[in-house]
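As the structure is a prediction and not an experimental result, all values here were calculated from the model. Computation of the quantities below employed the complete heavy-atom set of this structure, encompassing side-chain atoms and omitting hydrogens, waters and symmetry-equivalent molecules. Nothing fancy with the numbering, it's 1 onward along the sequence.
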Amino acid sequence: MIRRVLPPIAALALAACAVTPPKPARAGAIAPTAAPAAAPGPVAPPPPAMPAPADLAAARAAFVRETAQRFGIPAAQIEATLARAQIREGVIRAMARPAEAKPWREYRPIFIQPKRIDDGRAFLEAHRAALQRVEDRYGVPKEIIVAILGVETSYGRNQGNWPVLDALYTLAFAYPRSGDPARVEYENRRQAFFRDELAQLFALGKEEGLDITALKGSYAGAMGWGQFMPSSYRQYAVDGDGDGRRDLFGDLDDVFASVANYFAKKGQWQRGGPVMARALRARDAAAFANPGNAVTLDQSLAGLQAQGYRAADPAAVLHLDGGQPVTLITLDGADGPEYWIVYNNFRAITAYNVSRLYATAVYQLAQAIAGPRSGGA
């Protein structure tokens, strides 16, 4: 989210976390509690990317001033909280080796495995009525919501055991540097992103009455069943059961509704729309250039066919508008290259985590959990 930036969500790292974090303490919050039932206003834009500071004390002092002014939190309160934060070498090591760096043939077995599928089916059956209500409201299939929770936290069992404050503090002020001049700009942007998320954490504590020093999550600072980053928690979490709180740590009505709301609002999920379909490549077709992880829907089914790529199952696309924007992705599968036509709802999954591998794993897990169905999710 997240999971959601883009930081690759820490699904692989979470496998090492056996302890489910307790429900967040609401006493001793960073600032007086705002009405939690009301969704916060638009999230303020993050500051521009900046180079890694040589002087941590000066950088931290600037952060305190800016965050206090931006969110109306006493500077002394921010400084006192940061005094309890630690730079964690384990966070730096984990960020340097995300699971998304693996090829698809190695990444897929992490998530598409019998136990995760069986657990997902049991979870769906146990919560079918609540999930159906959310699907009816937001248009996001219940198996997609379940698959997100399965990939992110093994259905809530592994929500992460890193102190969220420490994780974000580490990445905000000691983001790992490769030493590669070509990556300096990217690494500066990533550090600026995490510095903004640290500021958003203070705002979240103020709005939701959370003790942010007690929160546990992933090495990237993602939290709860769905692994929301602080900015996503503030912007997309919803009160799914009307109890006046937005609790993504222990209230499944809130969790289900918040994941669906994220897809509907940020991902622009299309109700009943397709996600992806296997494609075949003609022998004389040129390689389809589509590097990176971002998904740009700049093709059509007819255009791909003219380039030598067609749906492996023509019946699966007969009901679709031929002019619907799509693109093609290539994955390094166990038996060689895999070609997939992807649609808007695939792009919507990448809004949760900017990784084609992640989006494919979520969709394939969802299919396995739901069993056979026609026309995509």
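For the ring pair (Phe, Tyr, Trp, His ring centres under 6.0 Å) with Y236, the qualifying choice from Y262, F263, Y352 is Y262, the only one to do so.
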- Apply the test side chain to side chain contact (heavy atoms under 4.5 Å, CB included) to residues H127 and L252: give CA-CA distance (whole Å), side-chain angles for both, the deciding distance (0.1 Å), then the verdict. CA-CA 9 Å; H127 303 284; L252 287 180; 3.4 Å; yes
- Task: Begin from the C-alpha positions of L248 and M223 and carry the test side chain to side chain contact (heavy atoms under 4.5 Å, CB included) through to its verdict.
- Result: CA-CA 8 Å; L248 302 189; M223 301 172 285; over 6 Å; no
- Let me see the working for K102 and I110 under side chain to side chain contact (heavy atoms under 4.5 Å, CB included), right down to the final yes or no. CA-CA 11 Å; K102 297 177 178 290; I110 299 173; 4.0 Å; yes
- Item | Working for side chain to side chain contact (heavy atoms under 4.5 Å, CB included), residues V259 and V134 | CA-CA 10 Å; V259 171; V134 170; over 6 Å; no
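Under the 4.0 Å criterion applied to side-chain N and carboxylate O atoms, E187 and R183 are assigned as salt-bridge partners. Ionic pairing of D241 and R133 is not present here: no N-O contact between side-chain nitrogen and carboxylate oxygen is shorter than 4.0 angstrom. Salt bridge E79/R60: present, at least one basic N to carboxylate O contact under 4.0 Å. Residues E125 and R121 are not paired through a salt bridge, judged by the lack of any N-O separation under 4.0 Å between the basic side chain and the carboxylate. The pair R246-D254 does not count as a salt bridge, with every side-chain nitrogen at least 4.0 angstrom from each carboxylate oxygen.
The backbone N or O of F63 lies less than 3.5 Å from a partner atom in the side chain of T67, making a donor-acceptor pair. Counting only distance, with no hydrogens or angles, the side chain of E197 and the backbone of S231 share a donor-acceptor pair below 3.5 Å. Distance alone, capped at 3.5 Å, is enough to place a donor-acceptor pair between the S178 side chain and the D180 backbone. Listed for the R105 side chain is no donor-acceptor partner under 3.5 Å among the backbone atoms of A334. Checking side-chain atoms of K206 against main-chain N and O of F71 turns up a donor-acceptor pair under 3.5 Å. Looking at Q268, its side chain does come within 3.5 Å of a backbone N or O of K265 through a donor-acceptor pair. Listed for the E143 side chain is no donor-acceptor partner under 3.5 Å among the backbone atoms of A370. Side-chain N or O atoms of W225 include one that pairs as donor or acceptor with a backbone N or O of F249 at under 3.5 Å. With S218 contributing its side chain and A222 its backbone, the two residues share a donor-acceptor pair below 3.5 Å. Remark: side-chain polar atoms of T327 are not paired, donor with acceptor, to backbone N or O of D298 under 3.5 angstrom.
Note that the CE atom of M276 and the OH atom of Y343 stand 10.5 Å from one another [nearest 0.5 Å]. Annotation: the span from Y233 atom OH to L215 atom CG amounts to 8.0 Å, rounded to 0.5 Å. Of the inter-residue distances, the one linking Y339 atom OH with L280 atom CG reads 10.5 Å to the nearest 0.5 angstrom. In this structure, OG1 in T296 is found 10.0 Å from CZ in R347, a value given to the nearest 0.5 Å. Remark: L168 CG to F194 CZ distance equals 7.5 Å, nearest 0.5 Å. Atom NZ in K266 sits 12.5 Å away from atom CG in N261 (nearest 0.5 Å).
Of all heavy-atom pairs between I349 and A359, the closest is CG2-CA, 3.5 Å. Here the closest heavy-atom approach between residue A279 and residue L328 is recorded as CB-CD1, 4.0 Å. Between V140 and A260, the shortest heavy-atom contact is CG2-O, 3.8 Å. The two residues I341 and L304 make their nearest non-hydrogen contact at CG1-CD1, 4.0 Å. Listed here is the closest heavy atom pair of W269 and P141: CZ2-CD, 3.5 Å. Nearest heavy-atom pair across L165 and L201 is CA-CD2, 4.0 Å.
Here the side chains of T360 and F346 are in contact, with some heavy-atom distance below 4.5 Å. The side-chain heavy atoms of Y358 and V362, taken from C-beta on, include a pair separated by under 4.5 Å. The shortest side-chain heavy-atom distance between F193 and M229 falls under the 4.5 Å cut-off. Put simply, the side chain of L171 reaches to within 4.5 Å of the side chain of V91, judged on heavy atoms. Side-chain atoms of V64 and Q77, non-hydrogen and from C-beta on, never get closer than 4.5 Å to each other. Looking at R157 and D119, their side chains come closer than 4.5 Å, going by heavy atoms from C-beta outward. The shortest distance between side-chain heavy atoms of D196 and Q200 falls below 4.5 Å. The shortest side-chain heavy-atom distance between I329 and W104 does not fall under the 4.5 Å cut-off.
Within 6.0 Å of the CD atom in Q69, the count of heavy atoms belonging to other residues, nucleotides or ligands does not exceed 12. More than 12 heavy atoms of other residues, nucleotides or ligands lie within 6.0 Å of CZ in R278, so this atom counts as buried by the packing criterion. Environment of CZ in R116: crowded, with over 12 heavy atoms of neighbouring residues, nucleotides or ligands closer than 6.0 Å. At most 12 non-hydrogen atoms from other residues, nucleotides or ligands lie less than 6.0 angstrom from CZ of R84.
Using modelled atom types, one finds no donor on one side chain facing an acceptor on the other under 3.5 Å when comparing N345 with R271. Checked by atom type, the side-chain pair Q159/K216 shows no donor-acceptor distance below 3.5 Å.
Using cut-offs of 30° and 60° for the angle between ring planes, the F288 and Y309 rings count as perpendicular.
The side chain to side chain contact (heavy atoms under 4.5 Å, CB included) test applied to I112 returns R108, I117, Q364, L365, not counting sequence neighbours.
Sequence neighbours left out, the pairs with a member in residues 87-96 that pass side-chain hydrogen bond (donor to acceptor under 3.5 Å, both in side chains) are R88-D166.
No single ILVMFWY cluster, assembled from side-chain heavy atoms under 4.5 Å apart, contains both V184 and Y175. In terms of hydrophobic clustering, with Ile, Leu, Val, Met, Phe, Trp and Tyr side chains grouped at heavy-atom distances under 4.5 Å, L297 and Y363 are assigned to a common cluster.
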